Peer 1: 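Handing you this structure, nothing more for now.
None of the values given here were measured: they were computed from a predicted structure. As the structure lists them, so they are numbered: ligands from 1, and atoms in each ligand from 1.
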Amino acid sequence: MFSIKSQVESGCLTSVPPKYVFDKSSSNCISSEAETIPTIDVSLLTFGTPDQRSKVIQDIGNACRDWGFFMIINHGVPETLRDEMLKGCQSFFNLTEEEKKEFSGKQLFDPISYGTSFNTNIDTSFFWRDYLKVWVHPNFRAPHKPAGFSETVREFSKRSREVASELVRGISESLGLEERYIEETYDLEVGSQLLVVNLYPPCPEPEVAIGLPPHTDHGILTLLMQNELSGLQVMHNGKWVPVNDPPPNSFLVNMGDHMEILTNGKYKSVVHRAVVDNKETRISLGTAYGPPLDTVVSPAPELVDCESYGSAYRGIKYRDYLVLQKTNHLDSKSCLDRVRI
Ligand code: OGA
Ligand code: NI
């Protein structure tokens, strides 16, 4: 399957090919209000006074409940590392198609897979996106090209995993649980971490195509960063809120489907999508944190209110959930619907 990057660079595309036309008509209402996603200073979790710490935990709880999406600043991952990581990803995609072919995984759990769209075997329309997915934890893997990339990926993965663990502890407390409850119950210290790099080349008719359709992320939470171009939109109160101009050196954090499952719906995973630009190439880089692949995630008993609702989701192995997602269309919350009781 041809990458969208190589098709764009061939210079032949003056319009969007029919295979890439994506019908947005069912939900395309862009929020006109000046709504902004909350920003959280996560350094206060570690270095704040007890009062600052409890305030920030409360803010995290509100952001998780009201938005499911927030930006974090002062997270401790150096800006130089983040820039190096973005540059490395760009260089990876700049390898020739022949070189990149070596990394095109054949199976869902292959440690490295380079490809285009989401699942070209079943996608009814294709997405304007090439990707590189790498399982970086608990067993570290990374492409051996371009030179130095693997070391950067290793360092970035480690540092961003530390941020995610800190957040999970804050989130655990925000739910009234012990700080380490979530990580201990779902074995997050072993855990798993999937790095997903998205490349969205310029598109001649951005309104007709889509980079990534409305979807939610698997896993407990995702940290996302991007180059200077915006494109992410988050569903909030029935409308798309564009995420423009995030603060410098910030990460976007969003709740994944497994956070929704384990909190029994208290913190919902949020539908989001990526739109494309007609001039520039956008790169975004997400890291999904989850439990080990063989861990069954079901609602935490402490969060199940038996008298009124009981469990809203059945338990499912993380691995089986990933299979479910990859063998279905990437479509809003369809996958989570399959485990709802
Ligand atoms: C994703 C994703 C959004 C973006 O990779 O799951 O939602 O802005 N990416 O690229
Ligand atoms: Ni996503």
Peer 1: Say whether Asp217 and His272, considering side chains only, have a donor N or O and an acceptor N or O under 3.5 Å apart.
Peer 2: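 Yes, side-chain donor-acceptor contact under 3.5 Å.
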Peer 1: Angle between ring planes, Tyr321 versus His258, binned at 30° and 60°: parallel, tilted or perpendicular?
Peer 2: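 Taking His258 first and then Tyr321, their aromatic rings stand perpendicular (interplane angle over 60°).
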Peer 1: Check for me whether Lys326 meets the cation-pi criterion with Phe118, that is, NZ or CZ under 6.0 Å from the six-membered ring centre and within 45 degrees of the ring axis.
Peer 2: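 Checked: cation-pi criterion met.
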Peer 1: Give me the residue, atom name and distance of the protein heavy atom closest to atom 5 (O) of ligand 1.
Peer 2: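 The closest heavy atom on the protein side is Asn198 ND2, 3.0 Å.
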Peer 1: For ligand 1, which part of Asp217 has a heavy atom less than 4.0 Å away: the side chain, the backbone, both, or neither?
Peer 2: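 Near ligand 1, Asp217 shows its side chain, while the N, CA, C and O stay back.
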Peer 1: Parallel, tilted or perpendicular: which fits the ring planes of Phe127 and Phe22, with parallel below 30° and perpendicular above 60°?
Peer 2: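 Judged by the thresholds at 30° and 60°, the geometry between Phe127 and Phe22 is perpendicular.
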Peer 1: Are any of the side-chain nitrogens in Glu102 or Lys145 under 4.0 Å away from the carboxylate oxygens of its partner?
Peer 2: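 Judged by the 4.0 Å cut-off on N to carboxylate O distance, Glu102 and Lys145 do form a salt bridge.
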Peer 1: Looking only at non-hydrogen atoms, which of Met225, Lys133, His272 approaches atom 7 (O) of ligand 1 most closely?
Peer 2: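 When every heavy atom of Met225, Lys133, His272 is considered, His272 comes closest to atom 7 (O) of ligand 1.
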Peer 1: Give the atom name of whichever N/O/S atom in Asp217 sits closest to the Ni ion (ligand 2).
Peer 2: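 Closest N, O or S atom of Asp217 to the Ni ion (ligand 2): OD1.
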Peer 1: Please list, in number order, the atoms of ligand 1 under 4.0 Å from a heavy atom of Leu232.
Peer 2: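 Near Leu232, meaning under 4.0 Å from one of its heavy atoms, ligand 1 has 3 (C), 8 (O).
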Peer 1: Tell me whether His215 reaches ligand 1 (any heavy atom closer than 4.0 angstrom to a ligand atom).
Peer 2: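 Under 4.0 Å: yes for His215.
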Peer 1: So, are Glu183 and Arg180 salt-bridged, with charged N and O less than 4.0 Å apart?
Peer 2: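 Looking at Arg180 together with Glu183, the answer is yes, because their closest N to O distance falls below 4.0 Å.
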Peer 1: Can Arg282 be said to touch ligand 1, with heavy atoms closer than 4.0 Å?
Peer 2: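 The answer is yes: ligand 1 sits under 4.0 Å from a heavy atom of Arg282.
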Peer 1: Look at ligand 1 and say whether Tyr200 reaches it with a heavy atom at a distance under 4.0 Å.
Peer 2: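 Within the 4.0 Å threshold, so yes.
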Peer 1: Which protein non-hydrogen atom lies closest to atom 1 (C) of ligand 1, naming both residue and atom, and how far is it?
Peer 2: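 Ranked first by proximity to atom 1 (C) of ligand 1 is Leu212 CD1, 3.6 Å.
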Peer 1: Before you tell me yes or no, could you show the steps for Thr120 and Ser117 under side chain to side chain donor-acceptor pair (under 3.5 Å), namely the whole-Å CA-CA distance, both residues' side-chain angles and the distance that decides it to 0.1 Å?
Peer 2: CA-CA 6 Å; Thr120 49; Ser117 195; over 6 Å; no
